Amino acid sequence: MILKYIISLSIALIYIFSIAAQDEKQMKKVQAKNIENIKIQEGEIGGSFLLFQENLFKPNKQATGQISQRWKRDATGSDLKMIEEETMDLGVSSGASCTQKWYRNKKKEKIEVDIILCPSESEINKTIEVFTKKMYSLQFKQTDIPVAGETTWVANNPDPELDSYSIMFLKANVFVRIYVNLKDQNINELKVIAHNLASTIETKILTEL
Amino acid sequence: MEREHFKLISKKSKGIQAKTLIIIFLSFLCIQFTYATNISVWPYEIRFNYENGSTNDATAILNDYGMPITIPEWKLNDTNEKCCYIAGQTNRKIQVRFDSNCDSMQLLINLNILSGNGIGSICNLFVANYKHLEWITLTLQGTIPNTVDIRNFSWEWEVYAIPFDDAFCAALSNNTTTHSYYTLLGSPQAPMAIPWTSVLDFACDWASGQSTNSSVLYYLSYNLYNSSGLDYDASQSHYDYISYPSQKFEFNLSDFLDEWNKADCQDMSMFLSILSSSIGASLNQTRRIQGSFSTKSIDPVGTTYSWGAITWNFHHVGWLSNIYDPCIRLNSSTPYIPINTDINSPYKADLYNSGIWSPQSAFILGQTDPYWGLPTEIR
C-alpha cells in the first residue's frame, strides 16, 4: 500500500516537474511580436556601416496574422524606405525573422545579420539544420565552448587568410547568423567584430526572456 | 488748255501710282527673298524597340536592375540607351520623329553610317506630307553582324526638306547621332528572357567576337573564372532562402551585381546560366551535387584561396549535358576550368576525394529547385 502510494507520488511529482520544465521553456522564449526589440538598430554598428536592406517578418499587431516588409536604401544619402509590404493569415504561430544587410566602402564591405525567432522546438531544429548544413556549401562546426548563446557554430574555413568570418548561435528560441566581410583586416579582427555583434544581440535577447 | 493740263496731271499721277505699286511689289519680293528662312529638320527622338517581339525591331531589354528601359531609347540632349539585336538579323525598322522650324513638309531622307559597325542605313526615302514631331517608321538596309559584341556607331542624318510654307526655303539638314547596341547569339531565353543591361555588359564583352554556341559558353565560363575579379567565399551566398511568406529561393542578382565582390558556387553557376541565356546561348540550367564530401586539391575563383582541399556540404555547377563550373580549377598538375566536362570522368575523378556524392536533377532558375522542392526566382 505504502509502495503504491510512493509510486503514485513519484509519478505525480515527475509530471508536475515536467510541466514546470515545459513552462520554464515556454517562459524562456522571445515572443515573436518583440522581434524589433532584438534586431540591430541604425547606429548600433559603428565604423560607418549603413543599413541598406532589411526584410522583416512579424506578427501583425493590428490584427491576427503576419506581416512581411522589405525595406531598402537606394544610396548612402537616402533614407531607408519600405518597398514592399504583404499581410497574411497563415493560421498557425509563425514566429518572426529579420534579415539585414549593412554596407560601407561602396558595398565592398558587408555585414549580414539574420535573426530567426522559432515558434517551436521542431522549428529550431529545422532552422539549425538548414543554416548549418544546407544553405552554405562551407560546413559550419559546433564549437566546444559557445562563443555566444547556448550553442555556437563557426564556418570551417580551410584558409586562415580569408577576409570574411561567419558565426551562428542559438539562444533560447532565437537563431542568429552573422557574416562579416571587411577589407584589410585579419581574421582575428573580423572575429572581434562578429563576436561583439553577437554579444550585442544576445544581450537584447536576454532582456526579452 | 485747262483740260490738256488736267490730262497731263492725270497721266503723271497715274504714272506715279504705277511706279509706286511696282516699287511696293518689288520691295515685297525683295523682302520675301531677303528674309525667307531655310527649313531645318533634325532627329528629336528614336525608338529601336517599339513593338512586341523582335521580328522587325530591337529585342526588349531591361536596365541594370531589371527595371524597364526608357523608350524612346534616344532623345535629343536627354537620353541615349543601348539597344539590342540578334546576330545576323535582317529585318530592322526604327521609329523616328523629327523636330523642325517648320510645321509641314516633304522629306527626302538619307541615313548613313559615319563611323563604327551600325545597324543599317537608308537611301533616298521620300516622306510626303510630314508633320513636325510626327512618328514615322523607317526600314533599315543591311544586316546585323554575325558575332556577339557591344558595338558603337554614329549615324549622319541627311534630310532634304521642302516646306509647304512659303516663308521657308527648301534646304538640306545634316545631323549626327551616336548609338550603342548589343549583338546577341540568339533570342534570349529563361531565366533571362528579357536581359538586364548589367548582365549583357558582361556577356557581350566576355563572348565578344564569338558566333557559335560552344565558343560562347567556353568564353563565358573562362572569363567568369579568370576576368571577373570575384573572390570565392562559401560561407555566404546570393541564392537566399526566403522562408516567409512565400517559401522560396531567390537569386539576388541585383545585390550580386551591386556588390561584385564575393561569390560561392551557387552564385557562379547561376550567374553563368544567366549570362548564357541572356545572349541566347543554350546553357540555362544549374545542378546541385549534394554531399557532404571532401575535395582533392582545387583552386577556387579569385585570389583569396590557392590550391587546397575543402570539405563541402554540397557543390553547384552549370549544366548542359555536361558540367560547366566557372567556380574552380581542377588538377593542380595540369590545371583546367571544367567546361563541357563529363560529370564522372574527368570531373568527379579530379574533384571528389571522399564522402557522399549525390547529383540532384538540373533546373532552371524560375522553376522549382528539386533539392529544396521550392520555387525559385531572380530578384
Side-chain angles (χ1 to χ4, degrees), chain A residues 52-53 55-58 65-68 70 72 74 84 86-90 94-97 99 101 103 105-110 112 114 116 118 123 126-127 130-141 154-159 161-168 177 179-181 183, chain B residues 65 229 231-247 249-250 252 254-269 288-295 297-298 300 302-316 327-328 355 371-372 379:
Chain A
F52 269 78
Q53 283 180 44
N55 293 348
L56 197 59
F57 181 74
K58 59 184 181 178
Q66 301 282 125
I67 186 163
S68 171
R70 282 179 191 259
K72 196 168 183 181
D74 293 329
E84 202 176 292
E86 195 179 343
T87 54
M88 70 222 73
D89 193 350
L90 299 176
S94 302
S97 67
T99 66
K101 284 187 184 179
Y103 293 112
N105 188 15
K106 295 176 182 173
K107 297 195 174 177
K108 295 301 172 199
E109 298 184 293
K110 178 170 76 168
E112 289 180 354
D114 298 335
I116 296 121
C118 304
E123 280 295 320
K126 186 182 157 192
T127 304
V130 165
F131 273 82
T132 62
K133 292 182 179 167
K134 293 181 174 179
M135 281 281 285
Y136 306 102
S137 61
L138 208 59
Q139 293 196 314
F140 281 78
K141 296 285 186 191
V154 292
N156 189 21
N157 281 329
D159 195 331
E161 296 299 311
L162 206 64
D163 57 0
S164 72
Y165 179 73
S166 196
I167 183 173
M168 301 175 186
R177 169 182 171 266
Y179 168 85
V180 181
N181 165 222
K183 299 290 176 198
Chain B
Y65 297 98
D231 215 13
Y232 182 66
D233 187 347
S235 62
Q236 65 128 33
S237 181
H238 295 86
Y239 188 52
D240 296 322
Y241 175 45
I242 307 298
S243 59
Y244 301 108
S246 44
Q247 295 275 326
F249 268 83
E250 287 182 351
N252 202 327
S254 300
D255 280 4
F256 182 60
L257 292 165
D258 223 16
E259 294 167 15
W260 202 250
N261 182 16
K262 299 284 184 185
D264 76 341
C265 55
Q266 296 176 113
D267 299 336
M268 295 298 280
S269 54
R288 181 177 173 121
I289 300 169
Q290 185 60 33
S292 63
F293 63 89
S294 298
T295 70
S297 188
I298 60 170
T303 54
T304 302
Y305 281 96
S306 50
W307 288 95
I310 303 178
T311 301
W312 280 330
N313 285 319
F314 61 89
H315 190 47
H316 212 108
C327 193
I328 52 174
Y371 175 75
W372 294 95
R379 178 177 283 265

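Not measured: the values here are computed from a predicted model.
If you measure heavy-atom distances from B:Trp260 to chain A, the contacts under 4.5 Å come from both the backbone and the side chain. Only the side chain of B:Tyr371 comes within contact range of chain A, judged by heavy atoms closer than 4.5 Å. Contact of A:Lys183 with chain B is made through the side chain alone, with heavy-atom distances under 4.5 Å. For A:Thr132, the part lying under 4.5 angstrom from a heavy atom of chain B is the backbone only.
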**OP:** Start with the C-alpha gap between A:Phe140 and B:Ser235, add the side-chain angles, then the distance that decides, and say whether side-chain contact (heavy atoms from CB on, under 4.5 Å) holds.
**Re:** CA-CA 9 Å; A:Phe140 281 78; B:Ser235 62; 4.1 Å; yes
Subject >> Verdict with reasoning, B:Trp372 to A:Val130, per side-chain contact (heavy atoms from CB on, under 4.5 Å) >> reply: CA-CA 10 Å; B:Trp372 294 95; A:Val130 165; 4.0 Å; yes
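A side-chain donor from one of A:Asn181 and B:Asn261 sits under 3.5 Å from a side-chain acceptor of the other. Side-chain contact annotation: A:Asp114 with B:Tyr241, donor-acceptor N/O pair under 3.5 Å absent.
Every residue meeting the side-chain contact (heavy atoms from CB on, under 4.5 Å) condition with B:Asp264, not counting sequence neighbours, appears here in chain and number order: B:Ser237, B:Gln266, B:Asp267. For B:Asp231, the side-chain contact (heavy atoms from CB on, under 4.5 Å) partners at least two apart in sequence or on another chain are B:Lys262, B:Thr303, B:Thr304.
The structure places CZ of B:Phe314 at 14.0 Å from NZ of A:Lys133, a figure rounded to the nearest 0.5 Å.
When side chains are defined from C-beta on, A:Phe52 does not count as touching B:Asp255, because their heavy atoms never get closer than 4.5 Å. Side-chain contact between A:Gln53 and B:Asn252 is present, with heavy atoms from C-beta onward closer than 4.5 Å.
The most heavy-atom pairs under 4.5 Å with chain A, out of B:Gln236, B:Arg288, B:His316, come from B:Gln236.
Of the candidates A:Lys106, A:Lys107, A:Lys110, A:Lys108, B:Glu259 forms a salt bridge (charged side-chain N to carboxylate O under 4.0 Å, His left out) with just one, namely A:Lys110.
In this structure, B:Tyr232 and A:Ser137 approach most closely via the heavy-atom pair OH-OG, 3.8 Å.
Remark: side-chain polar atoms of B:Asn313 are not paired, donor with acceptor, to backbone N or O of A:Lys134 under 3.5 angstrom.
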